[in-house]
Amino acid sequence: MPGTSGAVGFQADELDCKLLEHFGGKIVRKDLTALMKRGANVPTFVLEYLLGMYCSTDNEEDLAAGLDRIRTILTNNYVRPDESERIKSKIRELGQYTIIDKVSAVLDEYKDIYEAHFTNLNIEPFVMPADYVRNYSKILQGGIWCIMRIEYRRVNLDEDDFGMEVFGDERPKKRAVGKKRGAEDSPFSVASLTPIQMPNLDLESMIEQRQYFTRDEWLDMLLRSAGYEPSVLTERERMHFVERMVPLVERNYNLCELGPRGTGKSHIYKEVSPYAILLSGGQTTTANLFGRMNARGAARLGLVSHWDCITFDEVAGMRFRDQNAVQILKDYMASGSFARGRDQMNADASIVYEGNINDTVANVLKTTHLFDPFPIEFNNDSAFFDRIHYYLPGWEIPKMRSDLLTEHYGLITDCLSEFCKEMRRRDYTHLIDEYFRLNSDFNKRDEIGVRKTFSGLAKLLFPDQNMGKEDVRWLLEYAIEGRRRVKEQLKIMAGVEFIDVNLGYLDAENPSETKVIGVPEQTDSTLIPDGPLMAGQVFGVGKSLGGEFAVYKLENKAVMGEGKFSHEGIGNVRPVRDSVEAAFKLFETNASRVARGMHAGSKDFLLYYNDLQSKGLSDEISLAEFVGLCSAACNKPVLDALAVPGALRISGTIDDIRGLEDIMRVAKNAGAKRVLLPTSSIMDMQTVPPELISGVSPVFYTPGDYVDAAVKALGL
């Protein structure tokens, strides 16, 4: 077992030893990556490739020498965009100079040459020798980072000039007058090229190494390669981190992750893979995403044609100027194809949606659905969300902290990203069928989503396809859970259309053995119970002072006294205080009209105002408070599972019900089976989606008659 080396406190473990044995030259100490990253603003995959070349050792002296060599290379040779002209001058003055930059090339079939250009060094296209293209085909597939020695040939030289001494009679001839300048006329040429990314990956050799690792060891290796320390994570948390990699390894995969801030949602797509692009703020255009209809060649292609994975960060900020963008996106997410002008185009890019949930999951589920953070263009569009293959529960992932970052060996990120890219060509969806069958609640989109998730996880964890029955079961149950989470939200949005949410599987050998997979956050508990309440308790629905509809529990108690009224939970919020006191004033003068013999003057009343969902107080639940006071006074509970909207004024009037659809949605999600409404709302109910009305019965009262409302609410 190797001892302490390099950084103080590092101790190689058994997995480190296995990686050194089987992946020599392809691994790096991840704490060294963090150390070097602080002083060198270069792509992580470039930095780690250099670390893999010079620091794949546990010898302290060799490690220090390797770090010094990398620092020297980056200082002297890495091209930064703002230094482009200085580097060009150095190449000219010295005749040749070695640089580090990303180079890509295209074939000009008419001139029979490869035209190349750099990413950071601003020079016009030059000729790339065909031998390098043949040896490093990645140059033609988006480019490759490399160490390259560039030569410069002066165009107009005298016989006694420096150029004759260097190049002899091989000076380039002057360009003919009127001839268009091309790459062959460039004074820059390639003297040598050494890739510092992996130019080619021997995928079969890498897959062959899988046999030397257990399931947990291979999973831990993947996490360490991405920079995480698996030993501080639970098995479920580790699976969530691996699930984030599935869009990189599976074509046309649609993933959604919403959760708290600071959980590292974008790290994989920003730092680990050069084939993924992160759209900060979720801002883009239809043309940028899917291409320009009037352009030709490469300019016609959009992001979905150029990248393996496109991540929309902060989905709440997603905006499209073109109203058709969402429809095009829905088409692409469903089929991997889209229409631009007269043509139907195909692409393989996976789509990831990330965002924040600013409340507890329990509260969100009681008022709305888990796709609520999406902007208005998407919100409640069940057809759009039905295209999502997996909903990753971001609230189950811990916030990033120092002990979550590994200090052990992992694959260099370039090796991991190349592995993911090559595995995209393969299909493991069929591996489920040897042992299990999906149950009858699955529709076609459910099956596609689960099979794609399963395939992606299998590619990552079992690339050699050596899976036992329990391994298949493990991945299948995880895959079903994420798709069921999508279906549960669709049921909230669209009701009966997505009623079949009990996704599960059957054992192929014993079909009678069926297992349904649930989701941990989806429980049967609701804010409004489906049973009798204590007298004086009532649930009100109203818009908070912050503008959101919410459910409030009003708990009234009546004790012997002199007709006094006090309240808790309101504080000094004057509009709310005034509204409940108005309800009490009307109760004082009208109690006997609700129930014979009921008088307010012989009792004291105490209200506890409960803001169940922490949405802020509301001044629109005074009708509910009037009902609650009546309930407490006559010691009779309100109807089971009843929600009461409505603002009662001191003048004795009741405000018109506004936002009926929102009221019905909030009430239903909270568990209400009845809603107290004036008969004047019957017309408005025609515009409420049927799925919101189903299961929630209106209890009608005479418009403007708060006494009749209380009588109906108490069932008198």
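Along the sequence shown, residues carry numbers from 1. Just so it is clear, the model here is predicted, and its values are computed rather than measured.
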Hey, does [Y] have a side-chain heavy atom less than 4.5 Å from the side chain of [X]?
| X | Y | result |
| --- | --- | --- |
| Pro398 | Leu404 | yes |
| Phe384 | Gln327 | no |
| Lys515 | Asn439 | no |
| Leu258 | Leu370 | no |
| Leu15 | His408 | no |
| Leu475 | Leu461 | yes |
| Glu488 | Phe498 | no |

### Message
Between Met423 and Ile207, is the side chain to side chain contact (heavy atoms under 4.5 Å, CB included) condition met? List the steps.
### Response
CA-CA 10 Å; Met423 290 300 290; Ile207 291 175; 4.0 Å; yes
Are the side chain of [X] and the backbone of [Y] linked by a donor-acceptor contact shorter than 3.5 Å?
| X | Y | answer |
| --- | --- | --- |
| Glu48 | Thr413 | yes |
| Arg483 | Ile388 | yes |
| Ser350 | Pro247 | yes |
| Gln489 | Val486 | no |
| Tyr332 | Ala349 | yes |
| Asn443 | Arg445 | yes |
| Ser335 | Asp331 | yes |
| Lys673 | Asp530 | no |
| Lys30 | Thr406 | no |
| Arg387 | Leu329 | no |

Could you work out, with ring pair (Phe, Tyr, Trp, His ring centres under 6.0 Å) as the rule, every residue matching [X], not counting sequence neighbours?
| X | answer |
| --- | --- |
| Trp218 | Phe213 |
| Phe442 | none |
| Tyr505 | Phe436 |
| Tyr391 | Phe371, Trp395 |

Starting at [atom1] of [X], measure out to [atom2] of [Y] and round the result to the nearest 0.5 Å.
| X | Y | atom1 | atom2 | result |
| --- | --- | --- | --- | --- |
| Phe419 | Met206 | CZ | CE | 5.5 Å |
| Asp202 | Glu208 | CG | CD | 9.0 Å |
| Ile480 | Lys487 | CD1 | NZ | 11.5 Å |
| Trp307 | Ile351 | CH2 | CD1 | 13.0 Å |
| Lys469 | Glu434 | NZ | CD | 10.0 Å |
| Ile517 | Asp441 | CD1 | CG | 12.5 Å |

Can you name the closest pair of heavy atoms from [X] and [Y] and give their distance?
| X | Y | answer |
| --- | --- | --- |
| Arg224 | Pro230 | CG-CD, 3.7 Å |
| His389 | Gly449 | CD2-CA, 3.6 Å |
| Arg244 | Tyr269 | O-OH, 2.7 Å |
| Leu303 | Leu279 | CD1-CD2, 4.0 Å |
| Arg485 | Pro393 | NH1-CD, 3.5 Å |
| Val352 | Glu354 | CG1-CG, 3.9 Å |

### Passing option when Arg236 is tested against Glu396, Glu243, Glu477 for salt bridge (charged side-chain N to carboxylate O under 4.0 Å, His left out)
Glu396
#### Entry: With sequence neighbours excluded, residues passing side-chain hydrogen bond (donor to acceptor under 3.5 Å, both in side chains) with Tyr275
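With neighbours one apart ignored, the set is Lys138, Glu418.
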### Task
Kindly write out the residues that satisfy side-chain hydrogen bond (donor to acceptor under 3.5 Å, both in side chains) with Gln209, not counting sequence neighbours, or none if the list is empty.
His22
### Query
When you look at Leu222 and Arg238, which way does the side chain to side chain contact (heavy atoms under 4.5 Å, CB included) test go after all the steps?
CA-CA 10 Å; Leu222 289 175; Arg238 288 187 295 161; over 6 Å; no
Does [X] have more than 12 heavy atoms from other residues, nucleotides or ligands lying within 6.0 Å of its [atom1]?
| X | atom1 | answer |
| --- | --- | --- |
| Lys330 | NZ | yes |
| Arg425 | CZ | no |
| Glu509 | CD | no |

### Message
Is there a side chain to side chain contact (heavy atoms under 4.5 Å, CB included) between Glu447 and Thr429? Walk through the geometry before answering.
### Response
CA-CA 10 Å; Glu447 181 175 354; Thr429 58; over 6 Å; no
Between [Y] and [X], is there a salt bridge with N-O shorter than 4.0 Å?
| X | Y | result |
| --- | --- | --- |
| Arg29 | Glu407 | no |
| Asp220 | Lys18 | no |
| Arg424 | Asp348 | no |

Under a plain distance cut-off of 3.5 Å, with no hydrogens placed, do [Y] and [X] share a side-chain donor-acceptor pair?
| X | Y | answer |
| --- | --- | --- |
| Gln211 | Asp464 | no |
| Thr214 | Asp216 | no |
| Tyr353 | Asp313 | no |

### Message
Apply ring pair (Phe, Tyr, Trp, His ring centres under 6.0 Å) to residues Phe374 and Phe385 and explain how you reach the verdict.
### Response
CA-CA 10 Å; Phe374 277 79; Phe385 294 118; 5.0 Å; yes
### Query
Is the distance between the ring centroids of His240 and Tyr478 less than 6.0 Å?
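When the ring centroids of His240 and Tyr478 are compared, they turn out to be within the sub-6.0 Å range.
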### Query
Would Tyr253 and Tyr390 count as a close aromatic pair, with their ring centres under 6.0 Å?
no
### Task
I would like to know whether Asp446 and Leu503 meet side chain to side chain contact (heavy atoms under 4.5 Å, CB included); could you show each step before the answer?
CA-CA 8 Å; Asp446 298 333; Leu503 305 183; 3.9 Å; yes
